[in-house]
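Every heavy atom of this structure was used, including side-chain atoms; hydrogens, water molecules and symmetry mates were not. Both ligands and their constituent atoms are indexed starting at 1 by order of listing. Note that the coordinates shown come from a computational prediction; the quantities given were computed from them, not determined experimentally.
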Amino acid sequence: MSTIRFQALTELLSRVPTAVQLPSNKVTDYYGDLVFNTDSMRKYLSKEAFKAVMNANQNGGAIDRKMASGVAAGMKAWAIENRVTHYTHWFQPLTDGTAEKHDGFIDYGDGGHMIENFSGDLLTQQEPDASSFPSGGIRQTFEARGYTAWDVSSPAFIVGTTLCIPTIFISYTGEALDYKTPLLKALAAVDEAAVGVCQYFDKNVTKVHTNLGWEQEYFLIDEALYQARPDLVLTGRTLMGHSSSKDQQLDDHYFGSIPERVTNFMMELEMECHKLGIPVKTRHNEVAPSQFELAPIYEEANLANDHNQLLMDVMKKVARHHKFRVLFHEKPFAGINGSGKHNNWSLGTDTGVVLLAPGKNPKANIQFLCFVVNTLMAVFKNQDLLRASILTASNSHRLGANEAPPSIISVFLGDEVSKMLDRIVEEVGERKMTPDEKTALKLGIGRIPEIILDNTDRNRTSPFAFTGNRFEFRAVGSSSNNAAAITALNAAVAVQLNEFKAAVDFLIEEGIKKDEAIFQVMKKMIIESKPIRFNGDGYSNGWLEEAAKRGLTNVTSVPESISKYLGPEAKKALIGGGVMSEKELVARVEVEMEKFTKKIQIEARVLGDLAINHIVPVAVAYQTKLIQNVQGLRDIFDNSEFEEMAGARKDLIRQISNHISAIKAMVIEMVKARKECNLIEDVTESAYAYDKNVCHYLDEIRYHIDKLELVVDNEMWPLPKYRELLFNN
Ligand code: ADP
Ligand code: MG
């Protein structure tokens, strides 16, 4: 057998689960130990500094220089007590993952001796050399400076011996170069707009925050097998591999008992998360073999997203302790389920109300319906923007495949909420409603909570589903930064809420009572947004036709989808909503286009290399064996007996020959196509060209390789097969 594959499989057999010792049986004994949270701040900060941070945290205010140095001193003391030697600004550039550059606390003191130094200035702002981060042309390399600036709303934490300070990352001229900056702006935009609407119902509401509960799906693959698959190492997915005879058809993995080695990994992961204040709560096997999920209790969206970014990092580290590699790619294996990152999204007020949960009385429920209808309308108008925020090179393999929502954005509301909306359309007239009519409608609305709680119907095929007290944006990809999706969604909802309020206020000024004005505007929106509502099976072919009839957009090309960021509705939401400037948006589109191009470029290179250097030589070697065998038969047997025997073998030799020729020819064509694309200077044009002229080779070449895998001697096959990668826990 090929040595690498053989060694990997041998190594696998020697695996012993690594036991994990928790510091205590009570998670609360160590929860948040590595976070500079309210408790540690109380202990290490002066009263004034503490107040300043809390105030900045809750009201978004700034912290002045003097106060910042007080906070830095307290943070340093806390960190050093926790064996920390370095600090870093921790930020989220437009690459995959987070960035950090560690600096030691040590410095020269006034007398030239060594001290531990961490000033307010170092806490609040830094100028990392930013020239190597993607910026979409905003920042030329000669102007390499970018700023990172402290995000007071997300607490500092410790990883290893480093104090990490969550920051935003902006160019020297003030443009956002990261995911966090627009997210914070979009969260603020919804806050302002939603408070305005809440005021119709409760004057005490002064703040609306966004909640996010992400569900992270992932694959765990044995380290030795992973290393023997260059495609997994370099692209995060298998570019070839025939499906295993058994994969997920028996549904025996989902919610099955978790293998011991995996449980140990999960235990250590959860312990690390809990120390970091990430409230992970749920773990289970997912549908595909070797696929799992982890979910926390939801939190304020900015913090929740920082936690998800941090989690992905921690997962990679902990996986290695257990000789696993974690795959975040949306579709690491063809033919079986891919991984998503459901974004459970809702809005909550400072009076403790979840605005997407039905309330206890008609008034609360009208408010609830207002927010549902506005979300519906926002999604309807911004299908293209929402898709642009989640459709990437890797997620494109998952969307529209057999398990994931298609590239059509629709909303599942469930029967009860749907009926309620239809009822508003029926019962709210153009003319003034009579008091009786109003009472009847309100009574009906008042009954929503009981009905919904009894009927928490679920639709797993919808990209955007109402699930009782929140919407679940399911189309988000497992490897992505949630901020892109939440920024788009919040920007869209904020602009929509403002329009709603303007329309209601207009009617009120015309002399229409508030309640009725709200109903009338809602009615219009319910009618207009009707096409986006779909409670049926999103995976069915019928839906593709139906959606087209309804005029919903369906974009499967990634570059085309990205370019919709520059469409009129998207601009209205993002630029109009104050979330991005035109320059930032254009730059972001450029970065996304480039990311797409580079990913396809890498995949094409890796596939070409593997095809020519790994697969073809093995196929030729096996074919040679067959040829020798046939020649031997001819020597031994007389003609008629030989012809009878050799027929099937000759066919096989021919088959292998055809596959080899096809692979060789297509690799040459693919390289040529790639080179032509690389000559195109405009990044958008180049991305379109890659999509059109290169992508298809990935599937076509793979087809022939997978056919060869079926016929070539198993002993000679160089790469671990799907059954080996997926069934070994
Ligand atoms: P399921 O797989 O059934 O959808 P999970 O329990 O795996 O549910 O995950 C649901 C996620 O939704 C959790 O992170 C949970 O905290 C979160 N969640 C629950 N209620 C809300 C809400 N009102 N707003 C936002 N997220 C919520
Ligand atoms: Mg869910």
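With atom 8 (O) of ligand 1 as the reference point, the heavy atom nearest to it among R283, Q216, R470 is part of R470.
Residue contact check: E215 has heavy atoms under 4.0 Å from atoms 1 (P), 2 (O), 4 (O), 7 (O), 9 (O), 10 (C) of ligand 1. Residue-ligand proximity, G213 to ligand 1, at heavy-atom distances under 4.0 Å covers atoms 14 (O), 26 (N). Close contacts between ligand 1 and I297 involve ligand atoms 16 (O) [criterion: under 4.0 Å to a heavy atom].
Classification of the F265-F324 ring pair by plane angle, with boundaries at 30° and 60°, yields perpendicular. The aromatic rings of Y30 and H274 lie tilted to each other, with the angle between the two planes from 30° to 60°. Ring geometry for Y218 versus F292: interplanar angle of 30 to 60°, hence tilted.
Residue pairs satisfying the salt bridge (charged side-chain N to carboxylate O under 4.0 Å, His left out) criterion with at least one member in residues 277-290, sequence neighbours excluded, are listed as follows: E270-R283.
Residue W214 has no N or O atom closer than 3.5 Å to an N or O atom of ligand 1. For ligand 1, the polar-atom distance check against T282 finds no nitrogen or oxygen pair separated by under 3.5 Å. Taking distance alone, with nitrogen or oxygen atoms compared against 3.5 Å, S346 approaches ligand 1 more closely than that limit.
For the side-chain hydrogen bond (donor to acceptor under 3.5 Å, both in side chains) test, no residue two or more places apart in sequence or in another chain qualifies with W90.
When non-hydrogen atoms are compared, ligand 1 lies under 4.0 Å from neither the backbone nor the side chain of H342. Only the side chain of E293 comes within 4.0 Å of ligand 1, judged by heavy-atom distances.
A donor and an acceptor atom, one from each side chain of N482 and Q309, are nowhere located under 3.5 Å apart.
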